[in-house]
Amino acid sequence: MVEGEFCRHMSKDSKKVQVTGFTYDDLKNWVTVDLGMKPYRAQQLFSWIHLKRVNSFHQMTDISLAARNELDRTGEITDLEICNAVTADDGTVKYSFLLKDGEIIESVLIPDSPGLTACISTQAGCRCGCTFCQTGRGGFRRNLQTDEIVAQLYGLQNRTHSRISNVVLMGMGEPMDNFPAVSDALSIITDDRGICIGARKITVSTVGIPGGIEQLAKLNGQYGLAVSLHSAVESTRLKLVPVSKALPLPLIKRDLLDYYNRKGRRITLEYCLIAGINDTVPEADALIEFAADIECKINLLVYNPIEGVPYVRPDAESVNRFMHYLYPRCQAVTLRRSRGSDIAAACGQLGPGFNRTFSSCSDS
Ligand code: SF4
């Protein structure tokens with residue numbers, strides 16, 4: 001019954017489908033075709049799971065007991081277990097979620113006046129191997145299923161009284177490397193029958209892999225796009241982001257221009273400053289030239305040291321110098337405050353260390 005079309009929604013440890021990972025259309029199909037129920041049940045289910053965020057079919061009081069029993073026999077609502085939560089001095093909270101197969105992923109809730117930003121993961125580990133990133137150092141373990149991506153957001157939302165206003169797919173993993181699950185998750189969290197976070201409030205971050213930006217551009221919503229550039233000098237970028245070999249700078253630029261032309265949204269170029277590596281004047285000049293004909297904002301952040309990694313955090317004076325060199329020569333430059341660095345929740349800091357499966361938020 002759940003083979004074929006719905007097998008990607010199968011739980012890792014049971015024969016039940018993870019209903020939380022169904023887009024509305026998939027849910028309707030499952031309810032009507034597989035379970036033989038009336039189409040209106042899909043609307044009820046979607047609302048209970050994604051708006052009211054219950055974690056049991058038996059809490060769905062407007063659904064008959066017989067139907068609830070049938071749903072419970074074949075389906076499951078994903079409710080991720082939080083195994084650790086740490087709050088930073090600045091109010092940023094890092095949550096560790098324990099998945100059913102023992103993997104641990106992390107999500108971060110960042111108070112961002114006037115809203116709240118959720119940084120969520122799309123993979124356990126990452127195969128991109130960026131040399132400044134703790135997640136990359138831990139290697140790739142598996143893609144997250146759609147329900148595991150969505151349930152992180154609900155896990156965070158259920159732990160705060162304020163509405164999450166922004167979502168960044170910038171945690172563990174490269175979203176474009178798990179695009180089918182990411183695409184379904186985006187469909188679910190933007191659906192106005194559920195939690196309904198506008199596409200313009202959602203940013204997908206990528207280091208740039210072939211076909212990735214193009215796939216995002218084909219989706220309907222005006223999603224924000226952040227590209228982890230880190231250097232506009234090919235040889236430096238290759239050192240920092242080894243997978244950039246597959247998508248050199250001219251091809252990234254082509255994809256960014258195409259994304260802007262299709263979506264009309266300014267792109268963010270993420271640039272993590274590392275002392276002596278990419279904070280020099282020639283690096284700044286290359287960045288200025290790369291960004292010149294792209295409608296973009298350059299978002300500078302400062303490398304957060306990781307144990308065992310030879311990179312060095314630049315001092316405040318170097319950061320200021322780099323930033324002020326860019327200012328008059330670029331459309332927009334921001335310096336991102338490092339959030340949660342005292343709890344290792346800042347960009348690139350999280351990673352293996354808690355145990356084999358402990359990983360991090362860092363696509364930056
Ligand atoms: S920076 Fe992002 S893409 Fe690179 S290894 Fe880390 S998680 Fe993966």
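Excluded from the calculations below are hydrogen atoms, water molecules and symmetry mates; all remaining heavy atoms, backbone and side chain alike, are included. Counting starts at 1 for both ligands and their atoms, following the listed order.
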Fill in: Test: R142 cationic atom under 6.0 Å from F140 six-membered ring centre, within 45° of axis
no

Worksheet entry | F22 and W30 aromatic ring geometry - parallel, tilted or perpendicular at 30°/60° bounds | tilted

Discussion item. Under the criterion ring-ring contact (aromatic ring centres under 6.0 Å, His included), I'd like the reasoning laid out for Y271 against F322: C-alpha separation, chi angles, the key distance, then a yes or no.
Written reply: CA-CA 11 Å; Y271 197 100; F322 193 88; 5.4 Å; yes

Worksheet item: Judged by atom type as modelled, is there a donor-acceptor pair below 3.5 Å linking the side chain of N299 to the main-chain atoms of T268?
Response: no

Fill in: Per-atom contacts, ligand 1 versus V207 - under 4.0 Å to a heavy atom
3 (S), 4 (Fe)

Worksheet item: Are V31 and Y40 linked, directly or through other ILVMFWY residues, by side chains that come within less than 4.5 angstrom of each other?
Response: no

Response to the item:
Counting from 1 in the order shown, the ligand 1 atoms closer than 4.0 Å to a non-hydrogen atom of G173 are 7 (S)

Discussion item. Taking backbone and side chain together, does C133 place any N/O/S atom at a distance below 2.8 Å from atom 6 (Fe) of ligand 1?
Written reply: yes

Worksheet, complete the sentence: Near G129 (heavy-atom distance under 4.0 Å), the atoms of ligand 1 are 5 (S)

Worksheet item: Among G208, C130, G139, G171, which one has a heavy atom closest to atom 5 (S) of ligand 1?
Response: C130

Item to complete: State if S228 counts as touching ligand 1 under the rule of any non-hydrogen atom under 4.0 Å.
Response: no

